[in-house]
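Below, chain A is the first sequence line, B the second, and so on; all start at residue 1.
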Amino acid sequence: MSDPRLLVIPKRLAGVKKIYPIMSSKGGVGKTIISTLLALTSSSLGCKTGLLDLDFTNPSTHIVLGVNPWEQEIIEEKGIIPQLVHGIKYLSITIFTRENPTPMRGEAVVNAFRELLAITQWGELDSLFIDTPPGISDEHLELLTYLGDKLEVVIVATPSPLAIKSVERLAEILLEGNYKIAGLVENMSDKPKLQKLAENLRIDYLGNIPYVKDIDEKIGNIELLRKTPIWEKVLEIVNRLLGNK
Amino acid sequence: MSDPRLLVIPKRLAGVKKIYPIMSSKGGVGKTIISTLLALTSSSLGCKTGLLDLDFTNPSTHIVLGVNPWEQEIIEEKGIIPQLVHGIKYLSITIFTRENPTPMRGEAVVNAFRELLAITQWGELDSLFIDTPPGISDEHLELLTYLGDKLEVVIVATPSPLAIKSVERLAEILLEGNYKIAGLVENMSDKPKLQKLAENLRIDYLGNIPYVKDIDEKIGNIELLRKTPIWEKVLEIVNRLLGNK
Amino acid sequence: MFLIGVDEMVHEWALAESIADYIERELSKKGKKNIAKIVIKLGILQSIDKEILDFALKEIIKSRDYRVGEIVYEDEEVILKCRRCGYEWRINPSQLDEAIREAIHFVPEAVYSYFKCPRCGSRDFEIVRGRGVSIKEIILGDNNE
Amino acid sequence: MFLIGVDEMVHEWALAESIADYIERELSKKGKKNIAKIVIKLGILQSIDKEILDFALKEIIKSRDYRVGEIVYEDEEVILKCRRCGYEWRINPSQLDEAIREAIHFVPEAVYSYFKCPRCGSRDFEIVRGRGVSIKEIILGDNNE
Ligand SMILES: Nc1ncnc2c1ncn2[C@@H]1O[C@H](COP(=O)(O)OP(=O)(O)O)[C@@H](O)[C@H]1O
Ligand SMILES: Nc1ncnc2c1ncn2[C@@H]1O[C@H](COP(=O)(O)OP(=O)(O)O)[C@@H](O)[C@H]1O
Ligand SMILES: [Mg+2]
Ligand SMILES: [Mg+2]
Ligand SMILES: [Mg+2]
Ligand SMILES: [Mg+2]
Ligand code: NI
Ligand code: NI
Ligand SMILES: [Zn+2]
Ligand SMILES: [Zn+2]
């Protein structure tokens, strides 16, 4: 650990009680929507909540939140302070890259990760939710390797055969490294089908979120999202996660 | 270019007439299914076809093809020869990693990419289809930077707001670098909705593939896949791509 | 520097703290309490405000249990190199549009969203040198104080 | 080596060709036609068959328009280092299960699918040295022939 930035990152997160990265090696299973709604529902329960978008080369939590990256403002105070969006402390690389394409090789991802986390002052938070990209590469390894002790990973999967293999591979990495797994969320699924899988992997089953056909029309509008069954289900899940039930 | 492997990679692909990477920064839009079906339908038309899975940390074309990685065999002849699977020359890193999780940082991805392409003898092919991971990182940049002149990129998108932004960002990178774009495939969409987007970006619209509810039950079984409307539509698209219409 | 309230409160402070922590760790590894000299490289891509960084670093060090003799800053110019066509070029952040300069000031990798190779248009380029803050050298002092 | 038909046809041939191409390019850059000596490092993780590589390389060079005096191979042992806990360890591929050794023989990065840190279980480790084939040194010869 010869990178000075790695020394201050734990300090920047010292006031954060729980960090929940939302992961799945498979893309398109709902990580972005779920991480954003986990943050929003947690905040709606009165918890101090943060949301960090780590999908540097394809950031999209701002689209779910309805935030225009061209209007985000950088607030400097012994670092930078995440902006308050719908009550949550929100940080995405789009505050710097706007809507431009940002292809990054692994080395650049590592630098962006460390720089961003070294300068961001999260303050006091009950929970910080982190949206992660698909795959298992630099973003995930930086999180696990340097913040592993503080993490409780939320795994997202759909009941598709393409997604299930991915869950098994991800769970194997987490289990053998003794990382904490908060549980498995089953998305786009009207009935719970992955309880058995969770049981076999010995991870908590957090619940299933139904497939909602017209969800795309509601993305970007919190008031509309709040009225969907997805919100309701995520609220149940966040209650379970935060130990409220 | 000081890596000796980069010198032989173009030779290994010298007998390949066209290379089609299937790309989208967004995950879960159908890259894997579409790249696999593009290869299968192209082969069904009598074309010599290859399929390469570049999604190293989450490979899944073998699941669509119904190939058991534990039964794949490595054939050595002045390098390695891709296995014939349902008539196509097929190569996935799972031939080496089996079904184990394989987290890789960018540097490892680069090494795996160059090693694999330096030792693989594709022979004579009309078309090589390449499944790529989501995001825009080392796998994509290695392809674009070192094989750019031979590529015709197939972009896949769904009509979701989360996918559209991604397409715009990807197209921007390809257009400004003067890469050839074969066209845009709209997936999980019963009506063509992205024609306008394609037109604005000045890329060919290759067609829309309907949402097929029970597709997951057919994954891994080519005979069942062949009877779906997805196969039919991909066949139309491959005909357009190969200039047969 | 962006919406600056009090000068010394800007984001250079966060970087100064990481340098101070690094020094502290190096000293504690060696069981020492002071360094004679530290050389800090400032890649100009990040447009670090040297005066502010220096002020912050000295303030932080004052509050710590060790001493630093001399702090030397060395500017490093930016060289970018395209992996696709090999073209090398320089950029001078002070001539950039303010918003872009600010973005790169916070996260130098934002350079990938605003720049492409002037010759071939590729965004696959390397920051050969001049990215940002790094510690080039630490010369330990004696321990007798 | 796997399902080997003729010895010299195995995958070491593909690697030999990349070395031969590299030499050719270096020579043509310098306008020379022969090298006195090339030193090739063989990281033992890849279990390269030295005899086969040597045979293939010499065969390919014979067919080319340049000459190579001496080819020297240097084995390099494998050191892996965990990024999470800092633990360093060695592996000896000759003691591995045959199928795993073969996988790593073709693509050394397959090591990430079969190994984890023996101390903390992390797969985020670095191949510090010993990965595979690389060219350590080329000493040019004179040009008069
Ligand atoms: N429960 C759901 N019902 C219907 N569509 C969903 C649901 N969850 C996610 N989606 C859709 O699936 C797509 C992928 O979701 P996203 O959150 O971007 O996944 P990821 O971040 O894992 O790639 C989006 O178009 C989103 O609108
Ligand atoms: N046309 C379609 N209709 C219904 N489901 C589809 C369709 N195309 C893909 N899918 C499903 O969407 C999921 C993601 O597809 P996949 O090919 O793995 O996407 P990607 O490779 O882009 O991540 C899979 O579960 C797949 O079965
Ligand atoms: Mg996402
Ligand atoms: Mg895929
Ligand atoms: Mg500033
Ligand atoms: Mg072998
Ligand atoms: Ni600043
Ligand atoms: Ni071999
Ligand atoms: Zn260029
Ligand atoms: Zn370890």
For chain B, which candidate among [options] shows the most heavy-atom pairs at distances under 4.5 Å?
{"options": "A:P159, A:S60, A:P103", "value": "A:P103"}
{"options": "A:I215, A:D138, A:L170, A:V64", "value": "A:D138"}
{"options": "A:K31, A:M104, A:R105", "value": "A:R105"}

Heavy-atom count around B:E99 CD within 6.0 Å, excluding the residue itself: above 12?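 More than 12 within 6.0 Å, yes.
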
Heavy-atom count around B:D214 CG within 6.0 Å, excluding the residue itself: above 12?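 Correct, the count exceeds 12.
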
Name the member of B:P101, B:G28, B:G27, B:S25 that forms the most heavy-atom pairs with chain A at distances under 4.5 Å.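 Of the options given, most contacts go to B:P101.
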
After noting the C-alpha distance and the side-chain angles of A:Q72 and A:Y90, does the key distance pass the side chain to side chain donor-acceptor pair (under 3.5 Å) rule? CA-CA 10 Å; A:Q72 285 180 276; A:Y90 176 60; 5.3 Å; no

Is there a donor-acceptor contact under 3.5 Å from the side chain of A:E139 to the main chain of A:V109?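 Judged by distance alone, no pair lies under 3.5 Å.
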
Just checking, is any N or O donor in the side chain of B:N58 or A:S166 under 3.5 Å from an acceptor N or O on the other one?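 On atom types as modelled, these side chains qualify, holding a pair under 3.5 Å.
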
Side chain, backbone, both or neither: which part of [X] has a non-hydrogen atom closer than 4.5 Å to chain A?
{"X": "B:K26", "answer": "both"}
{"X": "B:L141", "answer": "both"}
{"X": "B:E217", "answer": "neither"}
{"X": "B:E142", "answer": "both"}

Cationic N near anionic O, under 4.0 Å, B:R169 to B:E172: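 Not counted as a salt bridge, because no side-chain N and carboxylate O are separated by less than 4.0 Å.
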
